[in-house]
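One is the number of the first residue; the rest follow in order along the sequence. Just so we're clear, the structure is a prediction, and the values are computed from it rather than from any experiment.
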Amino acid sequence: MSIIKDLEKDIYDLIKKAGYEVENFILKPSDRPDLGDYQINDSMTLAKIYHKNPKQIAQDIKEKLELDDRFTNINIAGPGFINITLSNSFLIHAVNRINQDFYNNIDKQEYKKIILDYGGANVSKALHVGHLRSANIGEALKRLANLLGCKAISDAHLGDYGRPLGLVLLEIQKRYPDLEYFDSNYEGDYEKVPLPITNEDLEKIYPIASQKAKENTEYLEEARIMTLKIQNHEKGIYDLWKKVVNISKDAIKKVYDMLNVSYDLWNGESDATPYVPELLKICETHKVVSESDGAKIIEVKKAEESSPMPPLLLVKSNGTISYETTDLATIIQRKKEINPDEIWYLADERQSLHFEQVFRATKKANLINPKVNLEYIGFGTMNGTDGKPFKTRDGGIMSLKSLIEMVKEETKKRINYDIVTQDKVEQTVDIIAIATLKYADFIPYRTTDYIFNPAKFSDVEGKTGPYLLYSTIRMKSLLEHAKEIKQETYHILEDESSRNIILTLLRLPSVLTKSFKIKSLNEIAEYLYILTNKYNKFYMENKILIETNHNLQESWLVLTNIVYRMNLLLLDVLGIKVPEKM
Ligand code: ARG
């Protein structure tokens, strides 16, 4: 349990001793740091309950608090606000407690098994800007949930089963009609049939095929038939599909590796298809399916609702299933294979309707225990300076790879080539560029749009990834220079800068808890910046390495060590790596 939570419990008891009982007692960091570190605002509420003057209540509480030497400068302001300052001896004790184990200052959350479905990559399509936020936020939420004592399981849920694949396979057929995959009389082993196509080819094929389908209804119809062949596991076609999926999956893995995003499960929409018959049966049993123009649908609109809510398309009239159906079947699959308490879906705001339909249909057909929380976690878009989703110069969709390249170019301008040796340049640039991109993505609240500005994001002096990395490396370097000096115990607290760092450390648990609750990393990103800033001020003010008071020097090093490790921990939660040098 965190230090502040412990303190809250003790203060609650002291207030009780004064004769009052507070519901949900919470210590509030002071709005007026000149009056105290924390404030207690409960006298006003208690006044109504106990029919007493709030000032009198504040006075009664103050008397009890004064008996406890952890508090100093207890004063009453306004109608009955109590300001308290934490004593330095208490703060010294707090530092040693944190130094012993960070879990001494983290509030674990109620244990839950959570599946996080993020990334959203689609097989044979290049990852684009929109996929960045899903992967970035999802990965960090997974890490945060694990840190706070939950069990988070990540699933890539690759888009590998819908029409796009039909289009890609059709276009391959148009280009290479003689390939054995298209010959159902072929007797040999399809596994051994080479495929003259690379991932780069695939990424180019999809936009071409998709354009053709828009312009030509016959082509579109052929693509539909191809999709059906894939879904019917037709000989040859299904083998080709498997190959295409594997080529693309390898390429997708490389991009996610680069982003420091990893998955426990690499399932795709197709992996849920064995559960489709069961899904259809459950839907029939619960009588939630209706027919519409030869298709099977589930009505999900509520009677009292006036806004549009189209039905969920379960099986199309041509017999193919769509994205909605695989999502429903995946819920059955996850229930059977993992039995989660929650499932979180990260996809951009344009998919909110899709998830609403899926969740409603799930409830209607009773696919999973209603206690299982299905949650859609949307996010805003990364925009260009024109305020519209970031595009390439010719107005096309910007691929994630090109975006990363742009940031790398900025990074290359700024690393110190005297320090980073030639053999480390590439790796260092990669790490910094990803940190730059990721940190900038966390700064705004999750659902807020933001403008892509590589020069600003890369500035070592701003609220940026590189600033945090640079500062963290400097802490490490200081600790390395001091490695012969004892760094065990925190003894002395005299300077204001150290005090501010410690008060910031005490705020950590509430930041983590809030981030977890709102499922946005902006609080942690901001906290890292504040902590690092406070540390840098302290670093500038004190000549740590040449300090002659050994106890003071040891204390400063212990504090440095804590902030350093805290930065590593929180950067890791954000999925950001730290280079050796920069
Ligand atoms: N592949 C989808 C897309 O790119 C996102 C998948 C999100 N997850 C899900 N279970 N539907 O739009």
Side-chain angles (χ1 to χ4, degrees), residues 117-132 134-135 138 154-176 179 181-182 190-191 193-213 223-234 236-259 261-274 276 320-327 329-330 333 345-348 351 354 397 399-401:
D117 175 321
Y118 60 86
N122 295 312
V123 160
S124 81
K125 290 202 230 172
L127 284 157
H128 59 75
V129 172
H131 290 114
L132 173 73
S134 171
S154 55
D155 184 3
H157 197 73
L158 295 175
D160 63 0
Y161 215 57
R163 171 113 31 96
L165 267 300
L167 283 163
V168 169
L169 263 55
L170 175 65
E171 188 55 29
I172 296 177
Q173 185 178 28
K174 299 275 179 204
R175 293 180 186 195
Y176 306 95
L179 272 179
Y181 299 103
F182 303 111
Y190 284 111
E191 279 256 349
V193 178
L195 181 61
I197 280 177
T198 63
N199 185 60
E200 282 74 53
D201 300 327
L202 286 176
E203 291 183 355
K204 282 186 204 131
I205 287 176
Y206 173 73
I208 294 171
S210 152
Q211 189 57 30
K212 281 190 185 172
R224 279 204 189 111
I225 296 169
M226 188 61 93
T227 312
L228 191 60
K229 285 183 180 171
I230 298 171
Q231 296 190 355
N232 287 340
H233 294 201
E234 205 173 289
I237 300 295
Y238 188 62
D239 299 272
L240 173 61
W241 171 81
K242 273 198 276 190
K243 280 220 165 143
V244 166
V245 169
N246 282 334
I247 293 173
S248 182
K249 221 178 189 174
D250 287 344
I252 290 170
K253 276 188 180 155
K254 282 199 189 117
V255 182
Y256 283 139
D257 268 352
M258 174 151 197
L259 286 172
V261 166
S262 64
Y263 294 96
D264 301 307
L265 302 169
W266 275 93
N267 287 341
E269 291 163 9
S270 65
D271 291 297
T273 55
V276 170
T320 55
I321 54 166
S322 62
Y323 183 45
E324 292 96 306
T325 316
T326 48
D327 258 330
T330 304
Q333 180 189 16
Y345 298 85
L346 287 103
D348 78 45
Q351 296 209 23
H354 162 78
I397 295 174
S399 79
L400 186 50
K401 272 194 222 147

Handout entry: Cation-pi, Trp266 ring and Lys249 (6.0 angstrom, 45 degrees)
Key = no
Handout entry: Positive for side-chain contact (heavy atoms from CB on, under 4.5 Å) with Leu132, one of Leu400, Val255, Val261, Leu127
Key = Leu400
Practice task
Report the residue from Val123, Ile197, Ile205, Asp201 that forms a side-chain contact (heavy atoms from CB on, under 4.5 Å) with Val168.
Solution key: Ile205
Exercise for the section: State whether Lys204 and Glu200 are salt-bridged, where the test is any N-O pair (Lys NZ or Arg NE/NH1/NH2 against Asp/Glu carboxylate O) under 4.0 Å. Expected result: no
Do you know which two heavy atoms are closest between [X] and [Y], and how far apart they sit?
| X | Y | answer |
| --- | --- | --- |
| Ser248 | Ser124 | OG-N, 2.7 Å |
| Gly166 | Thr227 | CA-OG1, 3.5 Å |
| Gly119 | Tyr263 | CA-OH, 3.3 Å |
| Ser270 | Tyr161 | CB-CD1, 3.3 Å |
| Leu167 | Ser210 | CD1-CA, 4.1 Å |
| Ser154 | Tyr118 | CB-OH, 3.3 Å |

Handout entry: Check: Tyr345 and His354 side chains under 4.5 Å, non-hydrogen atoms
Key = no
Handout entry: Lys243 and Tyr181 side chains, donor-acceptor separation under 3.5 Å
Key = yes
Handout entry: CG on Asp160 to CG on Asn267, rounded to 0.5 Å
Key = 9.5 Å
Practice task
Could you tell me which residues satisfy side-chain hydrogen bond (donor to acceptor under 3.5 Å, both in side chains) with Glu269, sequence neighbours excluded, listed by chain and number?
Solution key: none
Practice task
Determine which pairs satisfy salt bridge (Lys or Arg N to Asp or Glu O under 4.0 Å) with at least one residue from residues 117-130, sequence neighbours left out, and list them in order.
Solution key: Asp117-Arg334
